[in-house]
Structure formats: C-alpha cells, structure tokens
*Asks:* 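Before I ask anything, let me first share the structure, which is written out below as structure tokens.
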Amino acid sequence: MPVSNPSMDGEVIKNSYGKVLQLGISEEEIKTALIRIRKNYPDLPIVIMSYFEGIEKYNLFNIKEYYDAILCPDRVLEKTAEDINLIQIYHEEMDDKTIENLIKNNDGFAYVLSGKGNTGSRGEISSNYKITKERIRSISDIPIQIGFGIYKSSQIKELLQSKVDGAIIGSEVIRRIDEGDKNSLSDYIKELKKYTKNLY
C-alpha cells in the first residue's frame, strides 16, 4: 500500500507509489480490491505490504478479514489481541536474540533479505541470505522466502538449490507493467514459474 517515504524501496516502487498517491486511494477502495481478489482467487494467500505510515493511513488493521497477513518493513509489529498474522523481515546483521523475537511474532513465512540495499537493484545476488537462513533454521521450520534484487529465472534456480522455499519479486513485475506489454509480463511469469510453485 503506497506511502510517501518508502525508505527500503528503489525508484521503480517509489515511482509506482507516487502515481497511486497522485490519483488518490482510500480505505474503501483497498477493501473493494481485496474482496475482488479473494472472490476470483479463493486459494491465493494475500499478504499486504505497507510501511507503518500506510497501516495507519488506510486503517489496515480494521480490514484484517480481507487479507491473510501483513508485512511492515520499517517497524517490528508484535502479536496482539487483534489476532493479525504478521510477516517479519530478516537480514544477516541481526543477532540471535532479535531473530528469536521476530520468529515469535511471525506467521506464514520469513522474509529474508538477499543482502543490503533497496528493492529493485539488479546484478548477482549476495550469498549472505544463506547465513540468515541457517540461523532461522536452527530455531524454526518456518518457510523462508528471499527478496531484494531477485528478477531472473537463474536466481530462482539458485535460491531453490540452496533449500529456501521461494522468492519475492516486486520491482521487475512493476517494470513489465509499466512497459504496457501484457505478453511480456505473462511470458516473464511463466519463465519464473518453471522453477517454483511458491513464487511471490
């Protein structure tokens, strides 16, 4: 959900947020879209990502029945009586105590960063995610998804060979949408899905 200062995101996602904010979006429009997605794809897990600014602005906790989990990249959310499923972000600079605390407040899957930087970067992915993955695996069997800088099929293959559960791709999908070629986007997704059924 778009915010004015997406600090962990690169230019592609920042620009997409800017377009939406310029047009305007409301809590009711978000709810309507979620209802439509759920109706058309009843077996598809829906995870909302928004910075804390967006969680408050769009009252996302108030519409929790319309999605399965929420991810907040700029603040660690903790479980409360509101019973909202949470996704947490992990990276190699976290100590064991921090990882343990995040796991206690994590549902669905763990979002592990491939390395430092912002979303949408290109190049070869760092192997640092393997360190984080092993530390999580030492205390939990929660599914692990890798994100940041993932954009091509060879990276998906590499990730699956390292025994993670899937990949998170956002910026490259937005790039394809911005290009306006539906066939290009469709072919891209088909190419990626050759390697995994757990592609986000």
*Asks:* Do Lys79 and Asp107 meet the salt-bridge criterion of a basic N to acidic O distance under 4.0 Å?
*Replies:* yes
*Asks:* With sequence neighbours excluded, give me every salt bridge (charged side-chain N to carboxylate O under 4.0 Å, His left out) pair touching residues 38-47.
*Replies:* Arg38-Asp68
*Asks:* So does Arg176 pair up with Glu172, basic N to acidic O under 4.0 Å?
*Replies:* yes
*Asks:* Among the clusters formed by ILVMFWY side chains lying less than 4.5 Å apart, do Met8 and Ile87 turn up in the same one?
*Replies:* yes
*Asks:* Hey, are the side chains of Tyr66 and Ile37 touching, using non-hydrogen atoms and a 4.5 Å cut-off?
*Replies:* no
*Asks:* Under 4.0 Å between a Lys/Arg side-chain N and an Asp/Glu carboxylate O for Lys133 and Asp141?
*Replies:* no
*Asks:* Within a strict 4.5 Å, meaning less than it, do heavy atoms of the Tyr58 and Ile63 side chains meet?
*Replies:* no
*Asks:* Suppose we screen for side chain to side chain contact (heavy atoms under 4.5 Å, CB included). Which residues come up paired with Ser140, at least two apart in sequence or across chains?
*Replies:* Ile103, Ile142
*Asks:* If we count only N and O atoms by modelled type, under 3.5 Å, do the side chains of Thr98 and Tyr90 hold a donor and an acceptor together?
*Replies:* no
*Asks:* Quick one about Asn85 and Tyr67 (side-chain donor to acceptor, distance below 3.5 Å, no hydrogens or angles considered), yes or no?
*Replies:* no
*Asks:* In Å and rounded to the nearest 0.5 Å, what is the NZ to CD distance from Lys152 to Glu158?
*Replies:* 9.5 Å
*Asks:* Ignoring hydrogens and angles, tell me if any N or O in the side chain of Gln22 forms a donor-acceptor pair with the backbone of Gly18 under 3.5 Å.
*Replies:* no
*Asks:* Quick check on the hydrophobic clustering: are Ile150 and Ile131 connected, directly or via other members, by side-chain heavy-atom contacts under 4.5 Å?
*Replies:* no
*Asks:* Glu100: which residues meet the side chain to side chain contact (heavy atoms under 4.5 Å, CB included) condition with it, sequence neighbours left out?
*Replies:* Ile139
*Asks:* I'd like to know whether Val12 forms a side-chain contact (heavy atoms from CB on, under 4.5 Å) with Tyr17, so could you lay out the CA-CA distance, the side-chain angles of the two residues, the decisive distance to 0.1 Å, and finally the verdict.
*Replies:* CA-CA 9 Å; Val12 172; Tyr17 280 1; over 6 Å; no
*Asks:* Taking the side chain from Ser186 and the backbone from Asn183, do they hold a donor-acceptor pair closer than 3.5 Å?
*Replies:* no
*Asks:* Under the criterion side-chain contact (heavy atoms from CB on, under 4.5 Å), I'd like the reasoning laid out for Ile89 against Met49: C-alpha separation, chi angles, the key distance, then a yes or no.
*Replies:* CA-CA 11 Å; Ile89 293 178; Met49 192 283 280; over 6 Å; no
*Asks:* If you round to the nearest 0.5 Å, how far is CD of Glu78 from CG of Asn101?
*Replies:* 5.5 Å
*Asks:* Going by salt bridge (Lys or Arg N to Asp or Glu O under 4.0 Å), name the residues that satisfy it together with Lys190, two or more places apart in sequence or in a different chain.
*Replies:* none
*Asks:* Could you give the distance from CG (Leu192) to CD (Gln155), rounded to the nearest 0.5 Å?
*Replies:* 9.5 Å
*Asks:* Would you name the heavy atoms of Glu92 and Arg135 that are closest together and state the gap between them?
*Replies:* O-NH1, 3.4 Å
*Asks:* Please report the shortest heavy-atom distance between Ser162 and Lys130, naming the atom on each side.
*Replies:* CB-CE, 4.1 Å
*Asks:* Can a salt bridge be assigned to the pair Asp187 and Lys182 using a cut-off of 4.0 Å between side-chain N and carboxylate O?
*Replies:* no
*Asks:* So, Tyr188 side chain and Tyr151 main chain: donor-acceptor pair closer than 3.5 Å or not?
*Replies:* yes
*Asks:* Do the side-chain N and O atoms of Asp9 and Tyr51 include a donor-acceptor pair separated by under 3.5 angstrom?
*Replies:* yes
*Asks:* Once you round to the nearest 0.5 Å, how far does CG of Asn105 lie from CD1 of Ile84?
*Replies:* 12.5 Å
*Asks:* Is any side-chain heavy atom of Gln145 closer than 4.5 Å to one of Val112?
*Replies:* no
*Asks:* For a side-chain contact (heavy atoms from CB on, under 4.5 Å) check, start with the C-alpha distance between Thr132 and Leu113, then their side-chain angles and the critical distance, and finish with the verdict.
*Replies:* CA-CA 9 Å; Thr132 314; Leu113 303 188; over 6 Å; no
*Asks:* Please report the C-alpha distance between Ser50 and Leu60 in whole Å, then the side-chain angles of each, then the deciding distance to 0.1 Å, and finally whether the side-chain contact (heavy atoms from CB on, under 4.5 Å) criterion is met.
*Replies:* CA-CA 9 Å; Ser50 189; Leu60 296 180; 3.9 Å; yes
*Asks:* Roughly how far, to the nearest 0.5 Å, is CD1 of Ile168 from OH of Tyr111?
*Replies:* 4.5 Å
*Asks:* Could you see if Ile30 belongs to whatever hydrophobic cluster contains Leu44? Use Ile, Leu, Val, Met, Phe, Trp, Tyr and a side-chain cutoff under 4.5 Å.
*Replies:* yes
*Asks:* Using the side chain to side chain contact (heavy atoms under 4.5 Å, CB included) criterion, which residues pair with Ser4? Sequence neighbours excluded.
*Replies:* Glu53
*Asks:* Please list, chain by chain and in numerical order, all residues satisfying side chain to side chain contact (heavy atoms under 4.5 Å, CB included) with Glu28, sequence neighbours excluded.
*Replies:* Ser26, Lys31, Thr32
*Asks:* State the CG-CG distance between Leu160 and Asp165, to the nearest 0.5 angstrom.
*Replies:* 9.0 Å
*Asks:* Does the side chain of Gln88 pick up a donor-acceptor pair with the side chain of Asn106 at under 3.5 Å?
*Replies:* no
*Asks:* Between Ser114 (side chain) and Phe148 (backbone), is there a donor-acceptor pair under 3.5 Å?
*Replies:* yes
*Asks:* Arg75 versus Ile55: any side-chain heavy-atom pair under 4.5 Å?
*Replies:* no
*Asks:* Ile48, Tyr41: one ILVMFWY side-chain cluster at the under-4.5 Å cut-off?
*Replies:* yes
*Asks:* If you look at every heavy atom in Ile70 and Leu77, which pair is closest and at what distance?
*Replies:* CG2-CD1, 4.3 Å
